[in-house]
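In what follows, chains carry the letters A, B, and so on, assigned in the order in which the sequence lines appear, proteins first and then strands, with residues in each chain numbered from 1.
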There are 2 protein chains.
Amino acid sequence: MAENKSFADSCSCTIIHDDVVNKVKALMPQEEKLYDLAELFKVFGDTTRIKILCSLFESEMCVCDIAALLGMNQSAISHQLRVLKQARLVKFRKDGKVVYYSLDDEHIKQIFDQGLNHINER
Amino acid sequence: MAENKSFADSCSCTIIHDDVVNKVKALMPQEEKLYDLAELFKVFGDTTRIKILCSLFESEMCVCDIAALLGMNQSAISHQLRVLKQARLVKFRKDGKVVYYSLDDEHIKQIFDQGLNHINER
DNA sequence: TGTTCATGTGAACATATATTCATATGTTAA
DNA sequence: TTAACATATGAATATATGTTCACATGAACA
């Protein structure tokens, strides 16, 4: 089984062949993409941010709306909105001193729902 | 605009009405689901784990294969496989002293690809 | 039986992250 | 201009997390 291999001298149990190794390396996104992808999922990986996104599924909201709705302090929400903004998941519009946030991506709900699928299937 | 509201005494800029608040609360998954969902995305939020999953898209592999392929030490991979196992994203079979890991969920690639969509659209 | 090998695991460490507090910024209204 | 308000932000803190190291476990084989 291992006769065809030439990579990975570091272990002797290897069964994967060079063609598999090459396929994996071909399919694997570039380092930078992988980093961005991890960053994106990291953003989803926090209950506060998920709650914010969940709220915005229904309608745009200002910061204090979200804070009141989630029962959290304004500063915490503001910090998290910043993260969501940097990930281009939310956008905002200003109206006087009030800032309204809304969703900035059509995939969010799909990613969200597929995550829920995984959760619910066990 | 704010005449219909009665929630959130904590701020006076509120425009969202009780029906919106109730809708959000109705749509918002239970606290426990939200926690599980965040946990799931947290698992995707690390480049090492993404690389492992990416490798397993192509074929099952033993721990040292993965370690060699990613150029990382075996212990780090083993720790991360544990995380992936707990999240039910990978499964394993033992063959003597060798343990082969493979994907344990059909959604993984979809979630993965939708994340990439978001990344690529900017 | 003793050695080698693949894997798992706990402790230690460095780093990242979420929240709070205090305060800055900028807008509205008195 | 001053006061009140919505939001943003930096510092501080507590907590979580990823990797390495050393070693334990368990299987194969001489």
Side-chain angles (χ1 to χ4, degrees), chain A residues 1-2 5 8-16 34-35 38-53 60-87 90-102, chain B residues 1-2 8-16 34-35 38-52 60-87 90-102:
Chain A
M1 195 80 173
K5 67 151 180 125
D9 307 322
S10 48
C11 85
S12 61
C13 76
T14 312
I15 61 154
I16 65 172
L34 289 175
Y35 183 82
E39 283 305 304
L40 176 66
F41 286 126
K42 224 174 276 182
V43 173
F44 282 100
D46 175 80
T47 43
T48 298
R49 289 191 292 265
I50 288 190
K51 285 178 190 174
I52 293 174
L53 292 173
E60 69 169 10
M61 290 187 195
C62 67
V63 180
C64 65
D65 277 343
I66 301 169
L69 192 56
L70 304 188
M72 296 183 63
N73 92 42
Q74 172 270 320
S75 179
I77 300 299
S78 193
H79 278 295
Q80 297 304 347
L81 282 169
R82 188 169 184 248
V83 175
L84 292 168
K85 213 187 321 178
Q86 285 173 336
V90 301
K91 59 178 189 278
F92 64 96
R93 68 180 176 88
K94 293 191 179 182
D95 183 9
K97 60 188 168 185
V98 182
V99 181
Y100 295 103
Y101 283 87
S102 57
Chain B
M1 196 79 171
D9 306 322
S10 48
C11 86
S12 61
C13 76
T14 311
I15 61 155
I16 64 172
L34 289 175
Y35 183 81
E39 283 304 304
L40 176 66
F41 286 126
K42 224 174 277 182
V43 173
F44 282 101
D46 176 79
T47 43
T48 299
R49 288 190 293 263
I50 288 189
K51 285 178 189 173
I52 293 175
E60 70 169 9
M61 289 187 197
C62 67
V63 180
C64 65
D65 277 343
I66 301 170
L69 192 56
L70 304 188
M72 295 182 62
N73 93 42
Q74 172 269 321
S75 179
I77 301 299
S78 192
H79 278 295
Q80 296 304 348
L81 282 169
R82 188 169 185 246
V83 174
L84 292 168
K85 213 186 320 177
Q86 285 172 336
V90 301
K91 58 178 190 278
F92 64 95
R93 68 178 177 89
K94 292 191 180 181
D95 182 9
K97 59 188 167 184
V98 183
V99 181
Y100 294 102
Y101 283 87
S102 57

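- At whole-Å resolution of the value, CG in B/Leu70 and C1' in D/dT20 are 17 Å apart.
- When the P atom of D/dA12 is taken as reference, atom CG of A/Asn73 falls 19 Å away, rounded to whole Å.
- Rounding to whole angstrom units, CD1 of residue A/Ile77 and C1' of C/dC21 are separated by 16 Å.
- A donor-acceptor contact shorter than 3.5 Å is absent between the side chain of B/Arg49 and the backbone of A/Ala38.
- Side-chain proximity of B/Val99 to C/dT28, C/dT7, D/dT7: nearest is C/dT7.
- Residue B/Val63 has its side chain nearest to C/dG8 when only C/dG8, D/dT7, C/dT28 are considered.
- In terms of position along DNA chain C, the nucleotide closest to B/Tyr101 lies nearer the 5' end than the nucleotide closest to the other residue of the pair B/Tyr101 and A/Asp95.
- Look at A/Arg82 and you won't find any side-chain N or O under 4.0 angstrom from OP1 or OP2 of D/dA8.
- The side-chain contact (heavy atoms from CB on, under 4.5 Å) with A/Ile66 is formed by just one residue from the set A/Val63, A/Leu69, A/Leu70; it is A/Leu70.
- When the nearest nucleotides of DNA chain C are assigned to A/Val83 and A/Gly96 by heavy-atom distance, the more 5′-ward of the two goes with A/Val83.
- In this model, a side-chain donor or acceptor of B/Ser75 finds a partner on the base of C/dT9 within 3.5 Å.
- One interatomic measurement links the two molecules: NZ of A/Lys42 to P of D/dA16, which rounds to 17 Å at whole-angstrom precision.
- If you check every strand for non-hydrogen atoms under 4.0 Å, B/Lys94 touches nothing.
- The CZ atom of A/Phe41 sits 9.0 Å away from the CG atom of B/Leu40 when rounded to the nearest 0.5 Å.
- Remark: P of C/dT7 and CE of B/Met61 are 13 Å apart, rounded to the nearest angstrom.
- Put simply, the side chain of A/His79 reaches to within 4.5 Å of the side chain of A/Ser75, judged on heavy atoms.
- Remark: the B/His79 side chain and the D/dT20 base include a donor-acceptor N/O pair separated by less than 3.5 Å.
- The CD-P distance, from A/Gln74 to C/dT19, rounds to 13 Å in whole Å.
- One can place CG of A/Leu84 at 14 Å from C1' of C/dT17, the figure rounded to the nearest angstrom.
- Side-chain atoms of B/Lys51 and B/Met72, non-hydrogen and from C-beta on, never get closer than 4.5 Å to each other.
- D/dT19 atom C1' lies 10 Å from atom CG of B/Asp46, rounded to whole Å.
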